[in-house]
Amino acid sequence: MSTIKRDGFGSRFGVLVAVAGSAVGLGNLWRFPYMVGTNGGAAFIIVYLAFVIVLCLPIMFSEFVIGRRTQSNAFGAISKIAPRSGWLTIGVISVVASICIMSFYSVVGGWTLDYIFKSFSSSFLTSDSSSLSSQFSGFTESSFVPVIMHLLFLAISALIVVAGVKNGIEKYSKILMPVLFILVVILAIRSLTLDGAMEGVKFLLYPDFSKITGDTLLAALGQAFFSLSLGMGCIITYGSYVNKKENLFKISFSVAAADTGFAILAGLAVVPAVFAFGIPPGQGPSLVFITLPQIFAQLPFGNVISIAFFFILMIAALTSAISLLEVVVAYFTEELKMTRKVAVVVTFVIIGIFGTFSSLSQGVLKDFTLFGKSIFDLFDYTSSNILLPVGGLLVVLFVGWRVKRADVLDELTSGGTVALRKSLFTGIMLVIKFLAPIAISIVLINSLI
Ligand code: TRP
């Protein structure tokens with residue numbers, strides 16, 4: 001059992017910071033704005049919010065229930081309740097999905113690292129979109145520096161996981177996350193007050209539901225899972241460290257609210273500026289990196305704000321990366337009986353190699369595609385749009401149909417200490433047993449055909 005994480009969960013606030021730290025990351029500040037841009041704005045946001053409330057919250061309860069009930073990592077948790085059964089697929093998906101996600105997450109983590117350094121140069125902040133655009137592609141398409149940055153980001157994450165200074169990181173997160181929040185609020189205000197921002201506001205507010213296709217629904221579902229760290233045992237693992245007395249509802253609601261708040265704010269900071277600067281909103285992964293420097297250029301002390309922003313963004317990415325690595329490392333140590341150090345080294349090597357390919361697929365390996373997608377996109381698409389939804393589907397089915405109903409009630413009421421109306425519990429169980437599995441299946445199947 002990883003003793004490192006158990007340390008940090010003495011208090012309710014510790015739990016909240018750790019789970020929120022896992023949830024809030026590049027998913028909110030980098031991925032959400034560009035998904036909104038690619039998938040048609042307001043309509044995507046509405047579907048996203050509906051998925052968070054109707055599907056993600058019950059899945060989060062479910063993952064917490066499994067984790068706290070069994071007190072083990074994702075794989076061990078499932079095998080405790082249903083030994084040697086097909087349910088272990090959930091455990092397999094956890095490990096595969098974390099490796100897939102880290103193989104592009106760490107690359108983007110490397111980009112933020114590089115943008116901290118770039119922020120020191122006064123020529124970095126310009127109002128010239130095309131220069132920022134070529135600056136970004138020139139950097140990401142090159143072979144050497146982005147790979148080094150990816151390995152550096154991964155190494156820092158791995159060191160934290162092995163050395164167990166997670167508590168230290170959590171201490172800093174408690175201070176830095178509110179600072180990040182304030183910075184994003186400042187960016188949102190600046191962005192909303194730019195000339196030409198109104199077009200972006202309209203894009204964010206007036207839904208055009210004709211833009212919603214099967215693929216958009218799946219993209220929104222995948223984004224919701226990705227942003228809330230659901231569908232691959234992350235919350236199961238963290239749930240196993242939660243004190244028996246804690247109210248799982250409160251934790252889930254607070255985390256979902258904080259995470260969604262960050263995402264919406266990031267949308268408000270980026271999208272109006274995108275329209276004001278005449279950047280095509282459907283850019284993809286480069287969107288935030290091209291837009292933000294232009295907003296910084298319009299602010300007093302732009303360089304300082306830029307340095308602070310990318311630095312804290314990198315910390316936010318680190319606290320998420322740790323939670324992803326932890327799933328793999330916990331599996332290697334507990335199921336394959338490796339020592340923690342060996343497990344971390346093996347994980348580092350695997351993700352280091354995959355991540356290198358995914359970084360190079362922005363440049364020299366651009367033409368190497370599978371199903372029409374580059375390696376980077378393939379890792380991203382497979383994890384968010386296939387592995388996480390399938391993992392989430394299996395988790396709700398598991399809790400709805402395999403875990404004893406009395407055990408679920410016991411966890412949700414924290415052993416009877418938290419009041420829970422009978423009708424509410426019945427409602428939650430109906431969602432977990434029927435609504436969530438059916439809805440996820442429809443979205444998955446609808447997009448596949
Ligand atoms: N939620 C994180 C983000 O938004 C990424 C992340 C961490 C994640 N752990 C996860 C995504 C588990 C899916 C599953 O940046």
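Just follow the structure's listing: the first ligand is 1, and inside any ligand the first atom is 1.
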- Message: Assess whether a salt bridge exists between Asp380 and Lys373, defined as any Lys/Arg side-chain N lying under 4.0 Å from an Asp/Glu carboxylate O.
- Response: no
- Task: Under the ring-ring contact (aromatic ring centres under 6.0 Å, His included) rule, collect the residues that match up with Phe332, sequence neighbours excluded.
- Result: none
- Item | Main-chain N/O of Ser361 paired to Glu141 side chain as donor or acceptor, under 3.5 Å | no
- Message: Asp259: which residues meet the side chain to side chain donor-acceptor pair (under 3.5 Å) condition with it, sequence neighbours left out?
- Response: Asn28, Ser227
- Listed by chain and number, what are the side chain to side chain donor-acceptor pair (under 3.5 Å) partners of Arg68, not counting sequence neighbours? Glu411, Ser414
- Message: Please verify the inter-ring angle class for Tyr48 with Phe44; under 30° counts as parallel, over 60° as perpendicular, anything in between as tilted.
- Response: parallel
- Close-range residues for ligand 1, whose non-hydrogen atoms fall below the 4.0 Å threshold: Ser22, Ala23, Gly25, Leu26, Gly27, Asn28, Ile101, Tyr105, Phe226, Ser227, Ser229, Met232, Cys234, Ser320, Ser323, Leu324, Leu388
